[in-house]
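Reviewing the structure listed below.
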Amino acid sequence: MEEKVQKGNSQKAIKGIVALVVIVVIAVLGYVGFNVYKDYSQKSLLNAELTTLSKKTLGKDDFNTEIKTSGNYSKVEKTIKSYLQKYSDTIKLITEESAKTSNIQGAVAKDKLEERKSEVQQIRTNIENSVNTLIEMSSEETIKKEIEKEGLSAKYVDLYNELMIGNLSKTLAKEKETMSNTKDKIMELFDKLIATYDYLLEHKDSWDLENNQILFTNSTHLREYNKLVQELQTKARLLSLTR
């Protein structure tokens with residue numbers, strides 16, 4: 001007698017990945033800001049430009065805007081804008097990769113299962129790489145290294161560090177830790193999803209796809225697959241509670 005796995009079970013967990021992955025992004029959006037720097041001429045121009053940037057949204061807006069200052073101040077301004085643009089672009093990549101999870105919803109035929117698994121693995125890799133980039137860029141050390149490349153005097157290096165970091169050191173360290181912990185949980189979620197595909201591939205002779213439902217002919221395999229799906233759902237649920 002055939003036994004059936006209801007089609008909605010695993011897909012609820014899969015749908016949750018889209019929302020859960022962006023936790024990594026949400027965790028860091030609050031840290032970017034600029035200290036008010038009162039001065040004249042070039043410093044005033046720089047401060048006004050950074051005030052405009054502080055109203056933009058990472059992952060959506062353009063930060064590589066026209067350089068308004070000149071001389072060494074322009075190098076400080078350019079370094080800040082380039083850094084924020086790279087940070088913003090990385091967030092965009094995570095959002096784009098997360099959106100691709102909508103393509104992996106629904107049961108898949110046996111001859112398409114390997115392709116589906118490869119697609120999920122690639123999404124996992126791309127997200128992991130992008131999140132690692134954000135984690136690195138959120139460290140105080142990495143932020144400071146950017147201005148060092150310009151070979152500026154201590155005056156301008158200190159100005160850059162004050163504008164980019166200021167009193168945010170503790171916040172940066174906390175957000176970096178938050179991203180690292182959340183990334184690990186998201187990777188575990190992807191790994192469990194991949195494990196369900198591995199199981200279906202390993203036991204492909206004991207199930208068939210009918211009306212977008214997976215039907216098992218072996219009760220043991222059905223129970224084992226359902227256990228994997230339940231574990232997937234549990235990981236998704238626990239991760240959602242961390243938001």
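All of these numbers come straight from a predicted model, not from anything done at the bench.
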I'd like to check [X] versus [Y] (side-chain heavy atoms, cut-off strictly below 4.5 Å). Are they in contact?
| X | Y | result |
| --- | --- | --- |
| Ser54 | Leu50 | no |
| Leu46 | Lys43 | no |
| Ile94 | Leu134 | yes |
| Tyr73 | Leu45 | no |
| Asn72 | Gln42 | no |
| Val108 | Leu200 | no |
| Met179 | Thr182 | no |

Interatomic spacing from [atom1] in [X] to [atom2] in [Y] - rounded to 0.5 Å:
| X | Y | atom1 | atom2 | result |
| --- | --- | --- | --- | --- |
| Ile147 | Tyr156 | CD1 | OH | 11.0 Å |
| Glu96 | Ile123 | CD | CD1 | 12.5 Å |
| Ser118 | Arg116 | OG | CZ | 11.5 Å |
| Ile91 | Thr133 | CD1 | OG1 | 11.5 Å |
| Thr196 | Leu228 | OG1 | CG | 7.0 Å |
| Met187 | Ile127 | CE | CD1 | 6.0 Å |

Which atoms form the tightest heavy-atom contact between [X] and [Y], and what is the distance?
| X | Y | answer |
| --- | --- | --- |
| Leu232 | Leu193 | CD1-N, 3.8 Å |
| Ser74 | Ile67 | CB-CG2, 3.8 Å |
| Phe63 | Thr57 | CE1-O, 3.9 Å |
| Tyr83 | Thr142 | OH-CG2, 3.5 Å |
| Asn218 | Thr220 | OD1-N, 2.9 Å |
| Ser206 | His221 | OG-ND1, 2.9 Å |

Any side-chain to backbone donor/acceptor pair from [X] onto [Y]? Under 3.5 Å, distance only.
| X | Y | result |
| --- | --- | --- |
| Ser88 | Leu84 | no |
| Lys110 | Lys204 | yes |
| Ser139 | Glu136 | yes |

Across all chains, not counting sequence neighbours, the salt bridge (charged side-chain N to carboxylate O under 4.0 Å, His left out) partners of Glu128 are Arg124

For Lys60, the salt bridge (charged side-chain N to carboxylate O under 4.0 Å, His left out) test, sequence neighbours excluded, returns none

Q) Is the NZ atom of Lys86 crowded by more than 12 outside heavy atoms at less than 6.0 Å? A) no

- [ ] With salt bridge (Lys or Arg N to Asp or Glu O under 4.0 Å) as the test, would you mind laying out the steps for Glu114 and Lys117 before giving the verdict?
- [x] CA-CA 5 Å; Glu114 282 283 8; Lys117 176 186 171 183; 5.0 Å; no

Step-by-step side chain to side chain contact (heavy atoms under 4.5 Å, CB included) determination, Lys75 to Tyr160: CA-CA 10 Å; Lys75 294 181 179 180; Tyr160 168 87; over 6 Å; no

**OP:** Please work out whether the ring planes of Phe216 and Trp207 are parallel, tilted or perpendicular, with thresholds of 30° and 60°.
**Re:**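 It falls in the tilted class, 30° to 60°.
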
Below 4.0 angstrom, N of the basic side chain to O of the carboxylate: do [X] and [Y] qualify?
| X | Y | answer |
| --- | --- | --- |
| Glu77 | Lys81 | yes |
| Lys68 | Glu49 | yes |
| Glu97 | Lys100 | yes |

State which residues pass side-chain hydrogen bond (donor to acceptor under 3.5 Å, both in side chains) with [X]; sequence neighbours excluded, sorted by chain then number.
| X | answer |
| --- | --- |
| Gln85 | Asp89 |
| Lys227 | none |
| Thr52 | none |

Exercise for review: Could you check Glu140 against Lys144 for salt bridge (Lys or Arg N to Asp or Glu O under 4.0 Å), going step by step and ending with a plain yes or no?
Suggested key: CA-CA 6 Å; Glu140 186 174 336; Lys144 289 180 176 180; 3.1 Å; yes

Notebook entry, point to check: Which residue pairs pass the ring pair (Phe, Tyr, Trp, His ring centres under 6.0 Å) test with at least one member in residues 127-153, sequence neighbours excluded?
Noted result: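 Counting only pairs at least two positions apart or across chains, no ring pair (Phe, Tyr, Trp, His ring centres under 6.0 Å) contact touches residues 127-153.
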
Start with the C-alpha distance between Glu162 and Asp158, add both sets of side-chain angles, then the distance that settles side chain to side chain contact (heavy atoms under 4.5 Å, CB included), and finish with yes or no.
CA-CA 6 Å; Glu162 181 67 20; Asp158 290 344; over 6 Å; no

Take Met164 and Ile80, measure what side chain to side chain contact (heavy atoms under 4.5 Å, CB included) needs, and give me the verdict at the end. CA-CA 7 Å; Met164 284 291 283; Ile80 291 175; 3.7 Å; yes

- request: Report the C-alpha distance between Gln122 and Asn126 in whole Å, list the side-chain angles of each, state the deciding distance to 0.1 Å, and finish with yes or no for side-chain hydrogen bond (donor to acceptor under 3.5 Å, both in side chains).
  value: CA-CA 6 Å; Gln122 188 60 58; Asn126 292 343; 2.9 Å; yes

(request) Go through the steps for Tyr197 and Val120 under the test side chain to side chain contact (heavy atoms under 4.5 Å, CB included), then give the verdict. (result) CA-CA 10 Å; Tyr197 293 142; Val120 173; 3.6 Å; yes

- Query: In terms of hydrophobic clusters joined by side-chain contacts under 4.5 Å, are Met137 and Leu93 together?
  - Reply: no

